[in-house]
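In what follows, a single structure is set out as structure tokens and then discussed.
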Amino acid sequence: MMNSIDAMKDLDGTRELSIQSQRGENGQVLISVSDTGRGSAATEGGAEAGLEAQGLAAAQAGGLDPFHQVEVLGQLEIFDPNLAVNNNLACSYCHDPAAGYGNGSSVLSVFTGGSNPGSASITVHGAFPNNRIAKRSPNS
Amino acid sequence: MDEARAAASRFVNLQRELVDLNEVIREMMLLLHSEATQFAVLVRTELGADLPQVMGDRVQLQQVLMS
């Protein structure tokens, strides 16, 4: 919320911070925080969309040798939410190419339930830079 | 190294309890009220009415939302 307010401080026009909480699947709770501020240059309209579009174009064009077919497959897989257990989370959600495949997401999610009901694992935005990946894992 | 150890201990000392996340959201909104007002930021919420409580460390969750 502080990041959001920070991002909107100098904004002309609507400054709106929106906080939503809702019940997700499997006893999860989803919290999303969004704002009308600008993102960082790295994440705005940037590398992610470009990489995915590039991969799709290459796949559709066809005529690739086996090596490059595998390369394109890998390029597309990290954007595919269907690879998650609940078909709802792409690798790139956390491993954002625009952030060096680190955490570039501004969405906060708190998961409970799944294979370990009653426990909570937290998707943290920037709060613990040294532990961002280690303490988190996708639903499994 | 010390920094890594300090970071690790933050996780070791987690206090687990049942937390009402809507309550945490409201608390943080209250804390940030003057900040939001100062910069003319409109805060809008849509809080689910039937959320289950989650097991977690209340303070850590507050910090996540706060930042």
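Within every chain, numbering begins at 1; the chains are lettered A, B, ... in the order of the sequence lines, protein sequences first and strands thereafter.
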Return each pair, listed once, that meets side chain to side chain donor-acceptor pair (under 3.5 Å) where at least one residue sits in residues 66-79 of chain A; pairs must be two or more places apart or across chains. A:Asp65-A:His68

Compare all side-chain heavy atoms of A:Leu17 with those of A:Met1 and state whether any distance is below 4.5 angstrom. yes

Is A:Thr36 close to A:Met8 at the side-chain level, that is, under 4.5 Å between some pair of heavy atoms? yes

Looking at residues at least two apart in the chain, or sitting in another chain, which of them share a salt bridge (charged side-chain N to carboxylate O under 4.0 Å, His left out) with A:Asp6? A:Lys9

Least distance between heavy atoms, A:Glu52 atom then A:Leu76 atom: O-CD2, 3.6 Å

Of all residues at least two apart in sequence or in a different chain, which pass the salt bridge (charged side-chain N to carboxylate O under 4.0 Å, His left out) check with B:Asp50? A:Arg23

Give, as side chain, backbone, both or neither, the part of A:Gln20 having an atom under 4.5 angstrom from any heavy atom of chain B. both

Applying a criterion of heavy atom separation less than 4.5 Å, what residues of residues 22-29 of chain B form contacts with chain A? B:Asn22, B:Ile25, B:Met28, B:Met29

